[in-house]
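Step one of this worksheet: look at the structure below.
Note on naming: letters A, B, ... go to the chains in the order of the sequence lines (proteins, then strands), and numbering restarts at 1 for each one.
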2 protein chains.
Amino acid sequence: MTAGPEAVRAARGEWRRSQIVDAATALLSTQGYHQMSVNDLAQEAGISVGTVYQYVKNKEDILLLVMRDILEAYRHNVPRAMEGFDDPLDRLSSGFGAYCRVVDSRRAGTILAYRESSTLAKDALSEMKSLEEETTGLLVTCLRECVEAGILHEHDSDTLAWDLTMLAHMWSLKHWHFGSRMSIDEYARLQFAVVVSAIIHQEVTTRYEYLARPLHRLR
Amino acid sequence: MTAGPEAVRAARGEWRRSQIVDAATALLSTQGYHQMSVNDLAQEAGISVGTVYQYVKNKEDILLLVMRDILEAYRHNVPRAMEGFDDPLDRLSSGFGAYCRVVDSRRAGTILAYRESSTLAKDALSEMKSLEEETTGLLVTCLRECVEAGILHEHDSDTLAWDLTMLAHMWSLKHWHFGSRMSIDEYARLQFAVVVSAIIHQEVTTRYEYLARPLHRLR
DNA sequence: CAGTGTTATGAATCGATGTTCAATCTCAGT
DNA sequence: ACTGAGATTGAACATCGATTCATAACACTG
């Protein structure tokens, strides 16, 4: 089965765009959007500047592709980490841990999302917000299930889920402070314990080993 | 008592710089640094572009002045709100509330700090970080005192203080989500309750009316 | 009033960068 | 080998904006 010329063209398009996204991710990480020139990007990607424009509309389009790439990573890794758990709190803990680890693996990406949101056009920005809300919505669902299962007290799940999201992002945003103090796994465990300890039924605490310790820094 | 020419020059410098900072704060709020032109800024300030350069070194200097202005607001309002409390948890609650309210009154400023940190030179960035650490340090001190007073369990005060800082900033960063759901006072009270409920000795909870309710959205 | 020093002005300058497009290259089919 | 279509190239172009600097205005003093 040989593909037709349209398939060849589509495949080449994907290939070129991923070259561009990879190079842009590297440069945006260190320079930010406004310092990065399209000429530098082309060089980093190993293609000419004219070729860049063959596959992306303009400079802003590049930023949008990169940010979409980053947010999609959250979207895929968090739900996957939530699979296979009967206990909703275990599911939440695993999802939050994965969220933190994705943030860690793409630290510059999270920072970029906060830094460049003003650069995006209105509808692109809405798309970014929707992706973020989707991931946070998964956390809300788990929290609600924990309440129904009698694990957690009644609470404002929307706010608590956003707290978890914000604390996951904080690993990147304040990495200059936290990075030398603890590992990402220690951080994730500690922050999860903070939020959950506020709302958990005391008598079920002993069921979860990740809540076994007081809220010390683990060292 | 008439001032000498140096005093006149100093006063004029201060006046011009505050004109520049006020105009820049307005424009940076809506446009961000890279969209704001120095010509537009001069117009907004009601002075010529040449005069701008009489009093600031370059465009980046303007950004630095604005950000210093914002962080100084935190630095002055938070300690002041902490005065006059014997109970360290009351002091912390008041300080956190003030922090949230300063963030609210200067929402664009907080966003700017996250957005433009990559634009600043290394030593300017260090200065910004130091100012932030100073405010957070006040929260750490209160948390330690609460532990010594037997109000809070032993915990990692550094991380919890940064959690409070991050949650204060979140009001600005995620205002698009929270702004239509609750007032800044409701938000501050709820977020304070989340963090403190995780670490408070149960038997002292009833002493504090701001912890009287479960962690519902207050409506 | 004239002279001097200080302050303000805004058009011009200069450098950088996003984007284009004419020229060239590559590949597949005949 | 030739041809045509598609892909690539990178210098040129047009635009923009940070900064400068010659000129003008202002304030003060003798």
Side-chain angles (χ1 to χ4, degrees), chain A residues 1-24 27-28 30-66 116 118-121 124, chain B residues 1-24 26-28 30-67 116 118-121 124:
Chain A
M1 291 260 68
T2 56
E6 314 85 42
V8 171
R9 200 172 299 131
R12 181 184 283 113
E14 264 187 60
W15 168 47
R16 290 299 191 200
R17 262 185 293 275
S18 77
Q19 279 180 304
I20 291 163
V21 167
D22 290 348
L27 293 182
L28 288 170
T30 56
Q31 299 178 5
Y33 179 76
H34 294 282
Q35 221 109 10
M36 177 188 86
S37 74
V38 180
N39 276 317
D40 287 345
L41 169 66
Q43 191 161 29
E44 177 76 25
I47 59 178
S48 74
V49 70
T51 301
V52 173
Y53 284 96
Q54 198 89 355
Y55 297 98
V56 300
K57 187 158 160 256
N58 52 34
K59 190 183 180 185
E60 185 179 318
D61 198 28
I62 297 167
L63 176 61
L64 183 55
L65 287 176
V66 170
E116 303 298 345
S118 70
T119 310
L120 293 175
Chain B
M1 291 260 66
T2 56
E6 315 84 41
V8 171
R9 199 172 297 127
R12 181 184 283 113
E14 264 189 60
W15 168 47
R16 290 298 190 200
R17 261 184 295 274
S18 78
Q19 279 179 302
I20 291 162
V21 167
D22 290 348
L27 292 181
L28 288 171
T30 55
Q31 299 178 3
Y33 180 76
H34 295 283
Q35 221 110 11
M36 177 188 84
S37 75
V38 180
N39 277 318
D40 287 346
L41 169 67
Q43 191 160 28
E44 178 77 24
I47 59 177
S48 74
V49 70
T51 300
V52 172
Y53 285 97
Q54 198 92 352
Y55 297 99
V56 300
K57 187 159 159 255
N58 51 33
K59 191 183 181 186
E60 186 179 316
D61 199 27
I62 297 167
L63 176 62
L64 183 56
L65 287 175
V66 170
M67 287 179 68
E116 304 298 345
S118 71
T119 310
L120 294 174

Are A:D22 and A:E44 side-chain neighbours, meaning at least one heavy-atom pair lies under 4.5 Å?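 Answer no - side chains too far apart.
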Whole Å only: how far is the [atom1] atom of [X] from the [atom2] atom of [N]?
{"X": "B:E60", "N": "D:dG17", "atom1": "CD", "atom2": "P", "result": "18 Å"}
{"X": "B:N39", "N": "C:dA11", "atom1": "CG", "atom2": "P", "result": "10 Å"}
{"X": "A:Q43", "N": "D:dT9", "atom1": "CD", "atom2": "P", "result": "12 Å"}
{"X": "B:K57", "N": "D:dA18", "atom1": "NZ", "atom2": "C1'", "result": "13 Å"}
{"X": "B:K59", "N": "C:dG15", "atom1": "NZ", "atom2": "C1'", "result": "15 Å"}
{"X": "B:M36", "N": "D:dC16", "atom1": "CE", "atom2": "P", "result": "18 Å"}
{"X": "B:D40", "N": "D:dA18", "atom1": "CG", "atom2": "P", "result": "9 Å"}
{"X": "B:I62", "N": "D:dA18", "atom1": "CD1", "atom2": "C1'", "result": "10 Å"}

Any chance the side chains of B:T51 and B:Q54 put a donor and an acceptor closer than 3.5 Å?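 Side-chain D/A pair, B:T51 to B:Q54: absent.
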Shortest side-chain distance from [X], nucleotide among [options]:
{"X": "B:R9", "options": "D:dG10, C:dT7, D:dT8", "result": "C:dT7"}
{"X": "A:S48", "options": "C:dG18, D:dG10, D:dG6", "result": "D:dG10"}
{"X": "B:S37", "options": "D:dA18, C:dT7, C:dT19", "result": "D:dA18"}

Please step through side-chain contact (heavy atoms from CB on, under 4.5 Å) for the pair A:K59 and A:L41, ending with a clear verdict. CA-CA 10 Å; A:K59 190 183 180 185; A:L41 169 66; over 6 Å; no
DNA chain D contacts among residues 11-21 of chain A, heavy-atom distance under 4.0 Å: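 Only A:R12, A:R16 qualify.
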Are more than 12 heavy atoms, taken from residues, nucleotides or ligands other than B:Q35, located less than 6.0 Å from that residue's CD atom?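 It does not: B:Q35 CD has 12 such atoms or fewer within range.
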CD/A:Q43: more than 12 non-hydrogen atoms of other groups inside 6.0 Å: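 Open: at most 12 neighbouring heavy atoms sit under 6.0 Å from CD of A:Q43.
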Using heavy-atom distances to pick each residue's nearest nucleotide on DNA chain C, tell me which of A:G50 and A:V38 is more 5'.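 In this pair, the answer is A:V38.
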With a non-hydrogen cut-off below 4.0 angstrom, is B:T51 in contact with a base, only sugar-phosphate, or nothing?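 Base, at least one base atom sits under 4.0 Å.
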Nearest heavy-atom neighbours spanning A:S48 and A:A42: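 For A:S48 and A:A42, the tightest heavy-atom pair comes out as C-CB, 3.8 Å.
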Looking only at atom types and distance, does a side-chain atom of A:E116 sit under 3.5 Å from a main-chain N or O of A:Y33, one as donor and one as acceptor?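 Answer holds: yes.
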Looking at A:Y55, does any N or O in its side chain come under 4.0 Å of the phosphate oxygens OP1/OP2 on D:dT8?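 A:Y55 to D:dT8 OP1/OP2: side-chain N or O found under 4.0 Å.
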